[in-house]
Structures are given as structure tokens and as C-alpha cells.
Amino acid sequence: MSWSVLRLLRENPEVVRESLRKRGMDPGLADRARMLDEEWRRLKRLVDEIRHRHNVLSRQIARARDPEERRRLIEEVRALLREREELEAKLREVEEERRRVLLSLPNIVHPSVPVGDSEEYNQPVRYWGRPRVYREYLQAFLEQTERYGFKVPYELIDWKPVGHADMLEKVLRLGDTLKAAEVAGSRFYYLFEDLVWLDFALLLYAIDRLTAKGYRLVLPPYMIRHRILMGVIDMETFKDAIYKIEGEDLYLIATAEHPLAGLYSNEEIMEDELPIKLVGISPCFRKEAGAGNRDLKGIFRVHQFHKVEQYVYAKPEESWDILEELIRNAEELVQGLGLPYRVVNVASGELGAPAAKKYDLEVWMPAQARYREIVSASNTTDWQSYRLNIRLVRRKGMVREYVHTLNSTAIASTRTITAILENFQEPDGVVVIPKVLRRYLEPFERAPKEAIYPAKGLQPKKGQK
RNA sequence: GCCGGGGUGCCCGAGCGGUCCAAGGGGCCGGCCUGGAGAGCCGGUCCCCGCACAGGGGGCGCGGGUUCAAAUCCCGCCCCCGGCGCCA
């Protein structure tokens with residue numbers, strides 16, 4: 001049983017180098033890893049040999065009846081022990097370094113991933129829906145569609161759509177990021193009334209559809225240990241995204257993906273149990289440390305939101321089909337809402353270390369005149385399962401391997417809300433609620449049903465003028 | 001949080017300083033047997049090094065320590081069970 005990256009490193013290191021190059025990383029990392037691995041194997045052989053001699057002597061001591069001989073053997077072992085100590089120290093050192101370097105290696109980039117160091121190189125694979133395009137934004141729209149050779153039908157409008165942030169705070173007055181900033185900091189928000197119902201309706205919609213497809217519904221821990229976290233993400237993400245609980249070995253999850261991956265850590269999974277399809281629901285907490293001033297307005301990029309997540313444990317030979325299934329599931333949900341979108345194959349330089357390939361689903365935002373990410377689906381192959389020690393046991397000859405794992409957003413609450421606020425607003429400021437959500441609002445007396453209406457007076461919140 | 005009991009391979013479970021391989025089951029895999037299946041019998045079934053064979057090393061919740069020798073003794077941490085306390 002071995003990790004695919006380690007196996008390649010030994011058998012075909014050029015593939016690893018090439019993959020690193022595609023990611024814009026130093027291919028020398030592969031050579032360094034390989035050298036360390038070889039050095040480790042060399043030292044291990046030496047140490048094992050000396051340990052063997054030690055064991056042989058120890059057994060002789062155990063059998064020795066004569067106290068004189070016993071004393072002599074113990075002396076001999078003591079001398080050997082000093083030698084062993086020294087070599088073992090060296091081995092520990094190399095072993096630790098090897099481990100560190102191996103764990104820093106990103107997944108191998110899949111051949112179908114477009115090569116490039118920025119999202120400019122993301123490759124649109126399909127478009128769906130009929131975006132509303134404000135007259136003055138037509139050029140921008142065409143640059144995001146026809147430039148890639150896609151003829152996308154659109155509806156030209158001559159009234160300027162209001163951005164989601166202003167919809168939230170000025171038109172509907174059902175969100176307050178200023179007060180939230182005072183109370184918690186920037187990138188936090190208060191949502192009120194109809195938008196809270198909408199948030200929960202979106203989540204229910206997603207779990208309803210996915211459980212209907214046979215995905216097992218899970219409510220996971222919202223905090224996890226360091227050990228698990230390091231099994232699912234790389235250092236980069238750790239620094240940028242993760243909140244730590246002070247004085248405890250606990251971290252707030254940035255997505256349900258993390259605890260869902262942990263669910264089978266150190267487990268063996270029989271091949272006929274696979275695929276295991278899960279749908280998790282949780283809040284997500286993100287520092288957004290690397291975001292700078294991007295998307296400071298509104299609730300597009302925030303420190304907390306709700307998300308329904310798909311997570312699958314799969315056999316290696318089926319994982320690529322399942323990646324397609326996951327992105328299709330997400331598309332069905334977004335189609336159901338009626339939001340126009342495109343799917344892009346994310347460029348190599350923009351892939352996270354865990355992913356071999358990633359699709360983003362980007363929804364058209366009429367007020368920003370841009371397609372923006374609301375869903376992300378990755379095949380992490382055996383990158384996470386190696387770290388979390390999640391094995392696959394084959395029936396045939398009981399061979400062991402690592403399972404493949406995949407993750408994908410189903411619905412992320414705040415981003416989907418921003419998309420709804422921009423796409424389904426009417427010129428008079430009314431926001432039409434997607435029909436598919438209505439059954440999840442129906443049972444509640446005070447929940448909105450058809451639409452969300454602009455604030456009339458000045459009273460949505462006490463003290464606001 | 002306190003007191004007591006406990007964490008052993010995929011699962012159950014014995015071992016509680018050396019007599020080498022972590023006993024014995026179960027499940028699973030392979031083989032024999034069978035027209036086929038079952039039963040039965042034989043073998044395999046933690047990880048690593050070794051192309052392979054032979055062989056070897058490590059591993060008994062995690063991390064340290066004592067010893068020539070640790071699953072077994074000592075220390076710290078984590079988790080599970082029972083009781084008490086506290087508490088949504």
C-alpha cells in the first residue's frame with residue numbers, strides 16, 4: 001500500500017516535477033523529497049541491521065544461565081547500544097525531514113487541468129441559463145463568454161441592477177454589515193427576517209435534493225483537532241482560513257468537508273461499501289486572511305456562513321466519474337434556482353494542494369458583470385486519505401490501497417443569497433424567490449413566499465435612520 | 001471536575017518484564033474437496049525495508065522515560081465505560 005505521489009517519486013519522478021511546474025512551484029522539491037526518501041531507506045537498512053544484532057544478543061542474555069557469561073553479554077550489548085543510539089538519532093532526523101517534505105507535496109495535477117498561474121487560465125467547460133446583461137456591461141459579458149468560443153444567449157436590460165450589498169442594506173434593509181463590524185468586525189453580518197428564512201430554505205432545498213439521491217445526511221462537529229485538519233488541508237489554507245480555539249487543540253471548521261473526511265480516519269473500508277456518499281450541513285468559519293480588501297462590501301466574502309457539502313469516499317477507478325457527478329449535482333441545484341452560470345476547469349496554478357482537479361461553478365452577477373464562484377468541486381484522489389490513513393480493502397486477494405475522496409459544495413448560503421439578490425431583482429427592487437424554494441418556506445407563517453419586498457419606511461431596525 | 005475500571009491487528013479477545021514469530025476466535029481472501037453451493041480441511045489476512053525469494057525491523061490509544069530486554073513497569077496527554085458533581 002502506498003501513496004500515489006510517493007510511488008511516482010520513486011518510479012517516475014519526472015511526473016512529480018512536471019506537476020509541480022504546472023502549479024508554479026519549484027520542481028526541485030521533488031528531487032529533495034526523492035533524495036530524502038533514498039537517504040531514509042539507506043539509514044533504515046543500517047539501523048535495522050544493528051537492531052537485529054541487538055535483538056540477537058538480548059535473546060542470548062535471556063537464555064544465558066551462567067552469571068559470568070551474562071555479565072559479558074550485557075557489556076557487549078552496551079557497546080552496541082552506543083553505536084545504535086547514534087545511528088538512530090540520524091535516522092530520526094532524516095525521517096522527520098522526509099515526513100515534512102512528503103507532507104508538503106501537493107497532489108499530482110490531472111492531465112485534463114489547464115496549465116496556467118492565474119484564474120485567467122481557468123477553462124470554461126459549459127454555460128447554462130440566460131443571463132441578464134445591463135446594456136453598458138455587454139462588452140464585459142462577451143469577454144467572459146464569446147472570448148472562450150461560447151455563444152451564450154442573454155437578456156439585455158436597460159436598467160442598472162443594484163449590487164447585492166446595496167440590495168441588502170439599502171433597498172431591502174434586511175442586512176447590516178456596519179453594525180456587525182462594530183460588534184464582531186468586518187466581514188461579519190446581521191441578516192434579518194426574509195433573508196434568514198431564505199438562508200434556511202436554501203439549506204433545506206439542498207439537503208432534500210441530495211438525500212433523495214441517496215446521500216447520507218450528516219451533522220458533523222464544528223470544531224476539529226489539528227491532526228485531522230492537517231490531513232485535509234495544506235499549510236497555506238491553514239494560515240489563511242483557520243480559526244483556533246485558544247488553549248485547546250481545536251479549530252473551527254472552514255467547511256463540513258473537514259470533519260466529513262475525519263469520519264473515516266484510520267479506518268479500513270471494504271471495496272463493496274464504496275462509494276460512500278455523504279451530505280453534510282454546517283456553519284463555516286474562515287479568516288479570509290489573504291483576501292486583503294477584496295469583496296469588503298456585502299456578504300460575498302465573509303467570516304461565517306452556512307453550507308451544505310457533498311463528500312464522497314470512492315474507489316480510485318470511479319473517482320473521476322464521481323467528480324462529474326458532484327459538479328452535476330451542484331449544477332442541478334443552481335439550475336433549479338434558475339441562476340445562470342458557467343462551469344470552469346480551474347487552472348493548475350489555482351488548485352489547492354489537496355486537489356488533482358477542480359471545477360468551479362460561477363454564477364453570473366448582473367451588477368458586477370462577472371461570473372463569480374459559488375460552488376467548488378474537487379477530486380483529492382488519495383491526498384487526504386493517505387494523510388488520514390483511510391484504506392481501501394479489495395476483495396480480490398484482500399489487497400490494500402488508499403481510497404479516493406472528493407468534495408463539492410452543494411449550496412453555500414451567503415453567496416447564493418448574493419446571486420439571488422442580483423439576478424432576481426426587478427426594476428422596482430422586488431426580489432423574486434425561486435419557485436423551488438417555496439415549499440421550504442410554505443410551512444412558516446412569517447416566511448416570505450413569492451418575493452421579498454423593498455423596505456417602505458425607515459423602521460426595519462430600531463435606531464436606524 | 002473528582003473517584004474507579006479500561007483502550008491490544010478489520011472485529012472480539014488472551015498476554016501484564018525475556019522461553020524468540022502478539023495465544024485463540026470471528027469476518028474476509030486464496031486453495032483443496034463438490035456437478036454447484038454449504039460443511040470440512042490447509043494456508044493467508046497491521047506497517048516498513050528488501051525487485052523477488054530468503055530475511056530483517058517496527059508496531060499493542062498518543063508522547064516521553066526506566067532496562068541488556070517493555071504490550072507488560074513509571075510519568076504526561078487523549079479517548080471510552082460506570083459512579084458522584086456541575087450544566088444547557
Side-chain angles (χ1 to χ4, degrees), chain A residues 1-13 33-99 101-103 219-231 244-245 247-251 259 262-274 276 313 315 382 385-403:
Chain A
M1 175 167 52
S2 90
W3 181 34
S4 62
V5 177
L6 179 58
R7 199 163 53 237
L8 278 169
L9 212 51
R10 288 177 179 178
E11 292 166 9
N12 200 350
R34 198 154 81 108
M35 273 172 49
L36 280 165
D37 183 49
E38 263 165 33
E39 176 66 0
W40 171 76
R41 285 195 279 179
R42 190 183 68 84
L43 283 169
K44 176 163 167 45
R45 220 166 309 147
L46 292 177
V47 168
D48 281 354
E49 208 247 317
I50 210 164
R51 280 175 179 164
H52 175 58
R53 280 197 278 151
H54 184 193
N55 287 344
V56 170
L57 284 173
S58 280
R59 276 176 228 137
Q60 281 177 18
I61 293 170
R63 267 182 272 116
R65 309 276 341 153
D66 176 33
E68 190 52 45
E69 184 179 2
R70 218 183 153 81
R71 202 168 316 127
R72 196 186 57 73
L73 283 167
I74 289 176
E75 269 318 301
E76 199 178 331
V77 165
R78 284 212 169 105
L80 188 68
L81 217 51
R82 278 191 290 275
E83 198 184 334
R84 175 179 153 165
E85 210 66 55
E86 210 174 301
L87 261 176
E88 278 184 335
K90 182 75 187 141
L91 178 68
R92 268 197 303 276
E93 204 177 294
V94 172
E95 201 160 46
E96 175 53 28
E97 185 63 5
R98 171 183 180 268
R99 200 187 63 88
V101 171
L102 283 182
L103 289 183
L219 190 141
Y222 300 160
M223 300 176 210
I224 56 177
R225 293 178 198 282
H226 185 259
R227 183 172 52 82
I228 299 296
L229 205 45
M230 287 335 267
K244 185 180 194 317
I245 302 297
E248 313 241 1
D249 177 29
L250 282 177
Y251 300 80
L263 183 58
Y264 283 85
S265 58
N266 292 316
E267 299 286 335
E268 248 176 22
I269 306 176
M270 286 291 178
E271 73 176 317
D272 38 3
E273 294 175 54
L274 293 170
I276 296 171
Y313 296 87
K315 288 186 266 188
D382 62 354
S385 57
Y386 166 68
R387 295 165 164 242
L388 291 172
N389 192 29
I390 307 171
R391 293 93 79 201
L392 155 62
V393 180
R394 300 281 187 182
R395 288 284 174 192
K396 188 84 186 158
M398 263 175 73
V399 183
R400 279 147 212 273
E401 312 168 34
Y402 289 105
V403 304

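Given the structure is predicted, the values throughout are model-derived calculations rather than measurements. Proteins get letters first, then strands, A, B, ... in listed order; numbering begins at 1 in each.
- For B/C28 and B/C46, the C1' atoms lie 15 Å apart once the distance is rounded to whole Å.
- In terms of modelled atom types and a separation under 3.5 Å, the side chain of A/Arg391 and the main chain of A/Asn266 share a donor-acceptor contact.
- Within a 6.0 Å sphere centred on CE of A/Met230, heavy atoms belonging to other residues, nucleotides or ligands number more than 12.
- Using atom C1' as the reference point in both B/A37 and B/A52, the two lie 37 Å apart (nearest Å).
- Rounded to a whole angstrom, the distance from the C1' atom of B/G15 to that of B/A23 is 8 Å.
- Nearer to the 5' terminus of RNA chain B, by closest-nucleotide assignment, is the contact made by A/Arg59 (compared with the other of A/Arg59 and A/Tyr402).
- Checking B/A52 for Watson-Crick or G-U wobble geometry (two distances, each under 3.5 Å) identifies no partner in any strand.
- Here the C1' atom of nucleotide B/C11 and the CD1 atom of A/Ile269 are 16 Å apart, to the nearest Å.
- For A/Asn55 and B/G56, the shortest distance from a side-chain N or O to OP1 or OP2 is not below 4.0 Å.
- When both distances must be under 3.5 Å, the Watson-Crick or G-U wobble mate of B/G59 does not exist.
- For the P atoms, the distance from B/U72 to B/U8 is 14 Å, rounded to whole Å.
- For the C1' atoms, the distance from B/G55 to B/C11 is 31 Å, rounded to whole Å.
- Using a 4.0 Å cut-off between charged nitrogen and carboxylate oxygen, A/Arg7 and A/Glu11 do not count as a salt-bridge pair.
- To the nearest angstrom, C1' of B/C49 lies 5 Å from NZ of A/Lys44.
- Between A/Arg10 and A/Arg225, the one whose closest nucleotide on RNA chain B sits nearer the 5' end is A/Arg10.
- The backbone N or O of A/Leu392 lies less than 3.5 Å from no partner atom in the side chain of A/Glu401, so there is not a single donor-acceptor pair.
- Taking atom C1' on both nucleotides, B/A71 is separated from B/G13 by 14 Å, rounded to a whole Å.
- For B/C20, there is no paired base (Watson-Crick or G-U wobble, both distances below 3.5 Å).
- A/Leu81 comes within 4.0 angstrom of the backbone, heavy atoms only, and of no base.
- The interatomic distance linking A/His226 (NE2) with B/C78 (P) rounds to 17 Å, in whole Å.
- Rounding to whole angstrom units, CZ of residue A/Arg92 and P of B/G63 are separated by 13 Å.
- Within the 4.0 angstrom heavy-atom criterion, no nucleotide atom of any strand lies near A/Arg394.
- As rounded to whole Å, 11 Å separates atom C1' of B/C29 from atom CD of A/Glu271.
- Under a cut-off of 6.0 angstrom, the local environment of CD in A/Glu273 is crowded, with over 12 non-hydrogen atoms contributed by other residues, nucleotides or ligands.
- Within the nucleic acid shown, A/Asp249 has no heavy atom closer than 4.0 Å to any nucleic acid atom.
- Across all strands shown, B/G36 forms no Watson-Crick or G-U wobble pair with both distances under 3.5 Å.
- Here, B/G65 and B/A70 have their C1' atoms 11 Å apart, quoted to the whole Å.
- Between A/Arg72 and A/Glu76 there is a salt bridge, with a side-chain nitrogen of the basic residue lying less than 4.0 Å from a carboxylate oxygen of the acidic one.
- Checking B/C28, B/C68, B/C48 against the side-chain heavy atoms of A/Val77 singles out B/C68 as nearest.
- Using atom C1' as the reference point in both B/G5 and B/G50, the two lie 44 Å apart (nearest Å).
- Remark: B/U45 base-pairs with B/G27; criterion is Watson-Crick or G-U wobble with both hydrogen-bond distances under 3.5 Å.
- The CD-P distance, from A/Glu85 to B/U67, rounds to 11 Å in whole Å.
- Taking every side-chain heavy atom of A/Arg391 into account, B/C10 is the closest of B/C10, B/A69, B/C29.
- A/Arg45 has its CZ atom 17 Å from the P atom of B/G58, to the nearest Å.
- Remark: B/G1 base-pairs with B/C84; criterion is Watson-Crick or G-U wobble with both hydrogen-bond distances under 3.5 Å.
- Within a 6.0 Å sphere centred on CZ of A/Arg99, other residues, nucleotides and ligands contribute 12 heavy atoms or fewer.
- Considering only side-chain atoms of A/Trp40, the nucleotide from B/G58, B/C28, B/C49 that sits closest is B/C49.
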